[in-house]
Amino acid sequence: MKAADYKMLIIRHRVTFAETAAILAVTVVGGVLAWWSNLFAERSVALETRILEFSEILALAALAFALFSVSQFRAQLREGKARRAAEAEARALALEDPLTGLPNRRQFDAALKAALDAPPGSHAVHAVMMLDLNGFKRINDVFGHPVGDEALIRTAERLRQAVREGDLVARLGGDEFAILARHLNGAEAATGLAMRVIDSLVRPVTAGGRQHRLGTGIGIALAPQDGADAETLLRKADLALYLAKAEGKSALRFFEPEMDRRVQEHDRLERDLADAIGTPALRPCYQPLIDLRTGELSGFEALARWTHPELGEIEPGRFIPIAEDAGLIGALTDHLLATACRDAAAWPAGLLSFNISPRQLSDQTLGLRILRILADAGLPPHRLELEITESALVSDLDGAQRVLGGLRQSGVKVALDDFGTGYSSLYHLRNFKLDTIKIDRSFIDGMMANGETAAIVRALIGLGHGLGLVVTAEGVEAADQRDWLTAEGCEHAQGFLYSRAVTGPQALALANEAAGVWAPRNVPALRTAGLA
């Protein structure tokens, strides 16, 4: 046993040790006095007087011992009372949010389980509501956490006043709250309660001497129809909250079975996508890019394709957002770009266009990775063109300049995709060096039937030329569209008029046709090749 262990043992049992020592002392004193009395029993009166004095001493010792015992007993009582108070405070803190005084997650979970053990009567429900505040992050960011804490305290007071007596309002953490409403008269009553909660936050909250506007999204799950156990109800209320928050304002949503199906499908695709990265199941295909002035094939745009072993072909519109949300977009980009660069390096000539996710613009390592991929594939940088969307450029101009500026200096070209659908201005186009703008297919679809749309396309072509940029039209599907664009001076086009996306071997065959050199290609040749 260590010295510290001995010390703790002594401290823990100090009262017992003191009592034992006192009893031993009294016993020793009594024994000595008894011995002394027997030894001098027949002595003189002076000796009897001395014995009397020892008896008095014994009485005093007994009194001292009694007083000591009483003091130790009172100390034990005080210590026990303090310990019980500390234990009660600890239990309260374990079940209470220290900032707002509301029940915390542990108490909420216990109350929910107790409620589910007493199911509601016929036509009644227990409602679990998950809440997340709108606008709270701004308070923390702009005015600091003390003001944010004050806003949370005021919000907690509003929530207490909005619910019924007996309903439980808890703070789960951060700006997340939960409400347990027992024995409500169906979904209509749950809606009424949720609306009172939303209305309680309509008035600004005062914190830090300022007024702050907050709102809340509310996700609702009902027992017993949505679940009979706490974990299921909380999960489903959280799913409903996610959709309520997506509306961007104070809103409430009830859980619906379709939500669960979508979430399960999303989870499955996320796991399968992670497994597919780096395998042939995820691969690029290639849509030909045509020079309108000559009819020649000038390159290909790489498009992502995923063949799922059970679900078949999955569109990029489904799995690209999943990759972005799951943090897989970097690995997916590297895999597809490396494959596309290896394919393009085998072409005698021609441009490879490749789309970059907006999420990638915050990745400071992207430029170095792309240059390494180009070097490994043996593809010259000037044969790669990276496409970013107009909305991505507007939302993060500085990020785009940091990530793509160095690449452009190395020879990589940059194109602005979906041009005309975002909110870019001449400022963005002037301050971000581009090589190409690609007019979105929505304008090409309507330009032949709508004079205003045609005027917009004409203006976009003129703007591109005025800035010294190459203009490409996307989604060209008809000969009259091609002829109109050619007459207006548009340089390139791609779309089903020329070809659907082709596989890597088919792209190589197109590039190598005409004795293994990059041969001029015209529209009829592409169509008769069976690729249109």
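What you see is a predicted model, and the numbers here were worked out from it, not measured in a lab.
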Undergrad: Taking the side chain as everything from C-beta on, heavy atoms only, tell me whether L239 gets closer than 4.5 Å to R262.
TA: no
Undergrad: Mind listing the closest non-hydrogen atom pair of R369 and D334 along with its distance?
TA: NE-OD2, 2.8 Å
Undergrad: Any heavy-atom pair between the side chains of V163 and L168 that's under 4.5 Å?
TA: no
Undergrad: Counting C-beta onward and ignoring hydrogens, is there a side-chain heavy-atom pair between I329 and D363 closer than 4.5 Å?
TA: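 No - every pair of side-chain heavy atoms lies 4.5 Å or more apart.
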Undergrad: How many angstroms lie between CZ in F254 and CE in M129, if you round to the nearest 0.5 Å?
TA: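 Nearest 0.5 Å value for the CZ-CE distance: 6.5 Å.
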Undergrad: Measure from the side-chain N and O atoms of R164 to the backbone N and O of A181, and report whether any donor-acceptor pair falls under 3.5 Å.
TA: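 It does not hold such a pair.
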Undergrad: Do L311 and R268 make a side-chain contact, defined as non-hydrogen atoms from C-beta onward lying under 4.5 Å apart?
TA: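 SC-SC contact between L311 and R268 confirmed.
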Undergrad: Salt bridge or not between D175 and K137? Use side-chain N to carboxylate O under 4.0 Å.
TA: no
Undergrad: Would you please name every residue forming a side-chain hydrogen bond (donor to acceptor under 3.5 Å, both in side chains) with H183, sequence neighbours left out?
TA: none
Undergrad: Is it the case that atom CD in E231 sees more than 12 heavy atoms from other parts of the structure closer than 6.0 Å?
TA: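 Not more than 12 within 6.0 Å, no.
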Undergrad: So, are R160 and E157 salt-bridged, with charged N and O less than 4.0 Å apart?
TA: no
Undergrad: Can you tell me if D267 has over 12 outside heavy atoms packed within less than 6.0 Å of its CG?
TA: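 Yes, CG of D267 has more than 12 neighbouring heavy atoms, counting only those of other groups under 6.0 Å.
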Undergrad: Report the C-alpha distance between L131 and L159 in whole Å, list the side-chain angles of each, state the deciding distance to 0.1 Å, and finish with yes or no for side chain to side chain contact (heavy atoms under 4.5 Å, CB included).
TA: CA-CA 10 Å; L131 290 73; L159 295 179; 4.0 Å; yes
Undergrad: Verify the neighbour count for atom CD of Q264: are there more than 12 heavy atoms of other residues, nucleotides or ligands below 6.0 Å?
TA: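 More than 12 heavy atoms, drawn from other residues, nucleotides or ligands, come within 6.0 Å of this atom.
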Undergrad: Would D226 and K236 count as a salt bridge (charged side-chain N to carboxylate O under 4.0 Å, His left out) if you check the C-alpha gap in whole Å, the side-chain angles of each, and the deciding distance to 0.1 Å?
TA: CA-CA 8 Å; D226 292 332; K236 292 182 175 180; 5.6 Å; no
Undergrad: Using side-chain heavy atoms (C-beta onward) and a distance below 4.5 Å, is V263 in contact with Y242?
TA: no
Undergrad: Answer yes or no: does atom CZ of R196 have more than 12 heavy-atom neighbours from other residues, nucleotides or ligands under 6.0 Å?
TA: yes
Undergrad: To the nearest 0.5 Å, what is the distance between OG1 (T191) and CG (L252)?
TA: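 Answer for the OG1-CG pair, T191 versus L252, is 6.0 Å.
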Undergrad: Restricting to non-hydrogen atoms, name the atom on A223 and the atom on P120 that form the minimum distance, rounded to 0.1 Å.
TA: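 Of all heavy-atom pairs spanning A223 and P120, the closest is O-CG, 3.9 Å.
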Undergrad: Taking it one step at a time, do D435 and K413 satisfy salt bridge (charged side-chain N to carboxylate O under 4.0 Å, His left out)?
TA: CA-CA 6 Å; D435 297 282; K413 296 179 174 60; over 6 Å; no
Undergrad: Does the separation of the ring centres of H212 and F143 fall below 6.0 angstrom?
TA: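 That pair passes the under 6.0 Å test.
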Undergrad: Evaluate K245 against D238 for salt bridge (charged side-chain N to carboxylate O under 4.0 Å, His left out), listing each step before the verdict.
TA: CA-CA 10 Å; K245 290 287 290 183; D238 209 40; over 6 Å; no
Undergrad: Holding to side-chain hydrogen bond (donor to acceptor under 3.5 Å, both in side chains), I want the full list of residues that pass it with S250, two or more places apart in sequence or in another chain.
TA: none
Undergrad: If you compare all heavy atoms of A304 against all heavy atoms of L336, which two are closest, and at what distance to 0.1 Å?
TA: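 Result for this residue pair: CB-CD1, 3.6 Å.
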Undergrad: How close do E247 and A251 get, heavy atom to heavy atom, and via which atoms?
TA: OE1-CB, 3.3 Å
Undergrad: If you measure from CG on L133 to CZ on F177, what distance do you get to the nearest 0.5 Å?
TA: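 Reported to 0.5 Å precision, the distance equals 5.5 Å.
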Undergrad: Decide yes or no for L416 and F432: does some side-chain heavy atom of the first lie under 4.5 Å from some side-chain heavy atom of the second?
TA: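 In short, these two side chains do not touch, never coming nearer than 4.5 Å.
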Undergrad: Going from CG on L337 to CD1 on I356, what distance comes out if it is rounded to the nearest 0.5 angstrom?
TA: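 One gets 6.5 Å once the value is rounded to the nearest 0.5 Å.
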Undergrad: With a 4.5 Å cut-off on side-chain heavy atoms, are M130 and L172 touching?
TA: yes
Undergrad: So, does R171 use its side chain to make a donor-acceptor pair with the main chain of L102 at under 3.5 Å?
TA: no
Undergrad: Which heavy atom of A338 sits nearest to which heavy atom of I373, and what is that distance?
TA: CA-CG2, 3.6 Å
Undergrad: If you draw a 6.0 Å radius around CD in E258, do more than 12 non-hydrogen atoms from other residues or ligands fall strictly inside?
TA: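 Buried by this count: over 12 neighbours within 6.0 Å.
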Undergrad: Taking side chain to side chain contact (heavy atoms under 4.5 Å, CB included) as the criterion, tell me which of L404, N355, D417 meets it with I388.
TA: L404
Undergrad: Kindly compute the distance separating CG (L469) from CG (L460), expressed to the nearest 0.5 Å.
TA: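 Nearest 0.5 Å value for the CG-CG distance: 12.0 Å.
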Undergrad: State, yes or no, whether a side-chain contact exists between L222 and I220 at a heavy-atom distance under 4.5 Å.
TA: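 Yes, close enough: below the 4.5 Å cut-off.
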Undergrad: I need the L273 CG to L332 CG distance, nearest 0.5 Å.
TA: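 The distance works out to 6.0 Å.
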Undergrad: May I have the step-by-step check of side chain to side chain contact (heavy atoms under 4.5 Å, CB included) for V412 and L374, ending in yes or no?
TA: CA-CA 10 Å; V412 175; L374 286 169; 4.0 Å; yes
Undergrad: Closest heavy-atom contact between F443 and F419?
TA: CE1-O, 3.9 Å
Undergrad: Kindly indicate, with the supporting measurements, whether the criterion side chain to side chain contact (heavy atoms under 4.5 Å, CB included) is fulfilled by V205 and E150.
TA: CA-CA 9 Å; V205 170; E150 187 179 351; over 6 Å; no
Undergrad: Just wondering, are more than 12 heavy atoms of other shown residues or ligands nearer than 6.0 Å to CZ in R203?
TA: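 12 or below, so no.
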